[in-house]
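Here the structure comes first, spelled out in structure tokens, and everything after it is commentary.
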2 protein chains.
Amino acid sequence: MTESESATVDLEIIVQGAQEGKKLELRLWLRMLSTTKLISQEIRRRLRNEFGATLPQFDLMAQLYREREGLRLGELSKRTMVTNGNVTGLVERLEADGLVQRVTPDGDRRVTVAKLTAKGETSFSAMAAAHEGWLRDMMADVEPAIVSELWRDIGAVKSSVSNHLSGADFD
Amino acid sequence: MTESESATVDLEIIVQGAQEGKKLELRLWLRMLSTTKLISQEIRRRLRNEFGATLPQFDLMAQLYREREGLRLGELSKRTMVTNGNVTGLVERLEADGLVQRVTPDGDRRVTVAKLTAKGETSFSAMAAAHEGWLRDMMADVEPAIVSELWRDIGAVKSSVSNHLSGADFD
DNA sequence: GTCAAACCTTTGACATTTCAAATATCGTCC
DNA sequence: GGACGATATTTGAAATGTCAAAGGTTTGAC
């Protein structure tokens, strides 16, 4: 490649605002992944230290908290994006701790419905408030306008990904 | 709060384009988390179906691929954001599959260096190419300019989070 | 009514994950 | 040259995660 060719190419790339060149999607993914891991680990640590809870337990309880009537395990599995088998164990442990209660409805004995106990609601309520504060703190240096933009644009990413899944995952 | 005060507040919120009101950071976090899970699961499924590999193994091999001399397990742990104990098991299994090789350098017998084998390099190379394509496909509906913006802005989030960690995590 | 297909959850095998404690080695101070 | 603190990895317990297969239950077709 001659000097002038090289200069031209560089210019084009710069003009396109993509000096990173190819693999932009890959780079975005790696950054999303590492950022998500970072935040997850921080939340996990704080949940553990301040409440003796785990993140998956918190996630599961969050779903039950907004459905006071309780949810079937399959529905919980979908909402938490966790496999069925995993939900079984999670709910078992939460039940052992008295935070969740399992009920088999009269109509359909195949079904198990999980529901927060009073203790579970109290417990989750405290964790949720702290959790929200942690996130505000962690993102304190990001402009609110940027946070909104990110929320919107990541929604677009999620949409695109949903439309290009190989498996049979549709909603 | 009087009625007129309330009305004023509502108006401000609407004008700011934040009818979601508070908890913007929380909403961003939930969306980041679910999107990341969605993509992870898709990549996991494809790695499994097409290559018989797992995502953590792929991540680990990716680090070794760009450091052909190999990496100490502690360094691998930092780069993959995985705990030390976890790296031990991952490397063990990869070694059993003949993809990675462990060496203890002469100078310091505390250290273990993991390095891709020839088979590991070939294997990873194929997976990496496919992996990059999967991401491009999944994000195909997102404008390149948006992808760039996201990359930049998520960088800002990561920065902010890094500066507000409670633990002793600094780089 | 009965059988088969569909549905919901659990189970079992295995991999990944964290944390804390244990192990092993190195470097240094005296 | 021995003890101590710092480093580096491994181990062990418990939880989370996937997948596939097995268990009950219900429903619908006949």
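So you know, we letter chains A, B, ... as the sequences are listed, proteins then strands, and number each from 1.
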task = Could you give me the CA-CA distance, side-chain angles and deciding distance for A:E67 and A:K115, then say whether salt bridge (Lys or Arg N to Asp or Glu O under 4.0 Å) is met?
result = CA-CA 8 Å; A:E67 298 285 351; A:K115 191 174 174 303; over 6 Å; no

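Note that the CG atom of A:D153 and the CZ atom of B:R31 stand 10.0 Å from one another [nearest 0.5 Å].
In this structure, B:N84 reaches the bases: a heavy-atom distance under 4.0 Å links it to at least one base atom across the strands shown. The residue A:V82 sits close only to the backbone: its heavy atoms come under 4.0 Å of sugar-phosphate atoms, none of a base. Within the 4.0 angstrom heavy-atom criterion, base atoms lie near B:T88. At the heavy-atom level, A:L55 lies nowhere under 4.0 Å from the strands shown.
Taking atom CG of residue B:L73 and atom P of nucleotide D:dT11, one finds them 12 Å apart after rounding to whole Å. Distance A:L71 CG to C:dT9 P: 11 Å, rounded to the nearest Å. For the pair A:E75 CD and C:dC8 P, the interatomic distance rounds to 10 Å; values are reported in whole Å. Note: CG (A:L60) to P (D:dG17) measures 10 Å, nearest angstrom. One atom, CG of B:N86, and another, P of C:dC19, lie 11 Å apart when rounded to the nearest Å. Distance CG (A:D108) to P (D:dT27): 6 Å, rounded to an integer number of Å. D:dT9 atom P lies 14 Å from atom CG of B:L90, rounded to whole Å. Atom-to-atom, CZ of A:F58 to C1' of D:dA15 comes out at 18 Å; the value is rounded to the nearest Å.
Side chains of B:S166 and A:E42: a donor on one and an acceptor on the other come within 3.5 Å.
By the neighbour-count criterion of 12 heavy atoms within 6.0 Å, atom CZ of A:R66 is sparsely surrounded, having that number or fewer from other residues, nucleotides or ligands.
Nearest to the side-chain atoms of B:E92 among the listed nucleotides D:dT10, C:dA15, D:dT11 stands D:dT11. Of the candidates C:dT9, C:dT25, D:dT18, the closest approach to any side-chain atom of A:T83 belongs to D:dT18.
At least one test fails for B:R48 against the ring of B:F51: distance under 6.0 Å to the centre or angle within 45° of the axis.
Taking only side-chain nitrogens and oxygens, B:Q41 comes nearer than 4.0 Å to OP1 or OP2 of D:dT18. Taking side-chain N and O atoms only, B:R72 has no distance below 4.0 Å to OP1 or OP2 of D:dT9.
For the pair A:G85 and A:R109, nearest-nucleotide mapping onto DNA chain D gives the more 5' position to A:G85. Residue-to-nucleotide proximity on DNA chain C shows that, of B:T54 and A:R48, the 5′-proximal contact is made by B:T54.
A donor-acceptor contact under 3.5 angstrom links the side-chain atoms of B:R110 to the base of D:dT7.
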